Visitor: 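Take a look at the following structure, please.
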Amino acid sequence: MKIRSIEKIINPVGVTEGAGVKLIRSIASPELDHLDPFLLFDHFGSDNPDDYMPGFPMHPHRGIETVTYMLSGKVNHKDSLSNSGSITAGDVQWMTSGGGIMHEEMPEPVDGKMAGFQLWVNLPAKQKMSEPRYQEILSDLIPEVIDNNGIKVRVIAGVYQSVTGPVTDIQIKPSYLDVTISPDATFSFDLPGNHSAFAYVFEGEALIDNQKVGSPKMVIFSDGDQIQIKSGGSTRLLLISGEPINEPIARYGPFVMNTQEEIRKALMDLRSGTFVWGAQSK
Ligand code: CO
């Protein structure tokens with residue numbers, strides 16, 4: 001069995017997105033364009049509402065999945081399929097844009113707080129123009145594995161110690177774990193050797209591969225069958241993995257396709273009002 005080592009440590013960079021939301025980004029950053037099949041990773045949250053209240057007004061997506069996981073606060077959303085609702089602390093929304101969706105995501109503080117993550121997951125060519133789909137999982141339905149060695153894992157997707165997460169039927173066979181490690185405890189996780197994997201440390205300090213990793217930082221793992229992370233104090237991190245797609249990537253803002261021609265088509269569809277799924281054939 002091969003324990004995975006650290007391939008790279010990414011320092012998140014500050015960016016302004018949407019209508020003026022300040023956040024920090026680790027994938028789709030100057031240091032890392034993508035980690036197949038992951039296209040973007042953002043960490044949002046601030047004690048100052050001015051940093052997030054402008055939100056993400058109505059905008060398109062095509063060819064990807066956007067995954068929003070909330071730590072605190074609330075995001076109110078609605079979309080071109082007439083879905084609407086809010087996600088709050090501990091909830092996850094796994095949105096498959098497929099061939100085209102328009103949605104808005106507007107943050108709102110709860111008890112003065114707002115924080116969470118957005119991950120973009122690529123879709124293979126054969127699913128890029130598929131029907132959009134939502135999996136919105138409320139916190140209560142996310143299983144928590146607590147072991148007596150001081151490890152707590154919320155299993156959002158994938159399998160940890162025989163407990164399966166509620167997000168299902170995703171092409172890249174993802175694991176998405178929210179992991180809390182008590183001082184001196186060691187978390188270990190088995191995964192397929194060829195899956196891409198990263199840890200995003202957002203509280204405390206982790207010890208990985210004999211290296212100290214503070215927060216917030218992203219660790220990209222090399223290939224191998226098992227990940228081992230020791231706490232360097234009280235540590236909380238996301239552990240995310242998935243099967244690479246190995247196809248060409250053409251990206252332009254909220255569209256990620258295989259070719260430039262498909263990007264041009266997305267822009268044309270947007271201009272002609274035939275962008276959203278189902279409108280193309282009408
Ligand atoms: Co969006």
Side-chain angles (χ1 to χ4, degrees), residues 12 14-29 33-34 37-46 51-71 73-88 91-108 114-123 127-137 156-157 167 170-172 174 176 200 238 240 242 249-257 262-263 266-267 269-271 273-279:
V15 294
T16 303
E17 262 300 349
V21 178
K22 290 192 178 127
L23 46 84
I24 55 175
R25 177 166 291 172
S26 311
I27 304 180
S29 71
D33 179 73
H34 65 279
F38 305 112
L39 298 163
L40 175 145
F41 184 86
D42 284 343
H43 178 187
F44 54 86
S46 169
D51 288 345
Y52 56 80
M53 285 308 279
F56 300 87
M58 207 49 93
H59 61 276
H61 287 290
R62 176 177 285 180
I64 61 169
E65 303 186 282
T66 66
V67 183
T68 309
Y69 179 51
M70 300 295 293
L71 293 176
K74 191 176 187 181
V75 168
N76 301 306
H77 64 87
K78 60 182 176 200
D79 68 33
S80 52
L81 299 169
S82 313
N83 294 308
S84 65
S86 336
I87 48 173
T88 60
D91 299 346
V92 68
Q93 182 196 76
W94 199 294
M95 192 276 284
T96 306
S97 78
I101 198 166
M102 303 279 289
H103 74 166
E104 69 168 38
E105 301 159 287
M106 302 305 282
E108 188 189 315
M114 234 299 293
F117 307 99
Q118 189 166 85
L119 171 73
W120 289 11
V121 175
N122 206 0
L123 288 168
Q127 285 192 357
K128 282 196 180 289
M129 295 303 286
S130 62
E131 185 174 357
R133 181 172 74 133
Y134 268 100
Q135 296 188 64
E136 191 153 292
I137 316 280
I156 294 156
V167 175
I170 301 295
Q171 187 70 27
I172 62 147
Y176 193 127
Y200 186 78
L238 299 180
I240 295 176
I249 292 172
R251 67 192 296 172
Y252 181 80
F255 319 126
V256 186
M257 305 301 288
E262 290 166 332
I263 294 291
L267 290 165
D269 286 345
L270 203 57
R271 273 195 294 270
T274 55
F275 179 79
V276 296
W277 190 85

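Read the numbers this way: they start at 1 and go in the same order the structure lists the ligands and their atoms. Just so you know, residue 1 is the first one in the sequence shown, and it goes up from there. Everything quoted here is computed from the prediction, not taken from an experiment.
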Visitor: What N/O/S atom of His59 gets nearest to the Co ion (ligand 1)?
Guide: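 Output for this pair reads NE2.
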Visitor: Using ring centroids (six-membered ring only for Trp), state whether Phe117 and Phe44 fall under 6.0 Å.
Guide: no
Visitor: Given atoms NE2 of His103 and NE2 of His61, what angle do they subtend at the Co ion (ligand 1), to the nearest 10 degrees?
Guide: 100°
Visitor: Can you name the N, O or S atom of Glu105 that is closest to the Co ion (ligand 1)?
Guide: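 Restricting Glu105 to its N, O and S atoms, the minimum distance to the Co ion (ligand 1) goes to OE1.
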Visitor: Run the salt bridge (Lys or Arg N to Asp or Glu O under 4.0 Å) check on Lys128 and Glu262 step by step: do they pass?
Guide: CA-CA 10 Å; Lys128 282 196 180 289; Glu262 290 166 332; over 6 Å; no
Visitor: What are the two closest heavy atoms between Ser97 and Gly63, and how far apart are they?
Guide: OG-N, 3.2 Å
Visitor: Salt-bridge test for Glu17 and Lys22: reply yes if a basic N is under 4.0 Å from a carboxylate O, no otherwise.
Guide: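 No salt bridge links Glu17 with Lys22.
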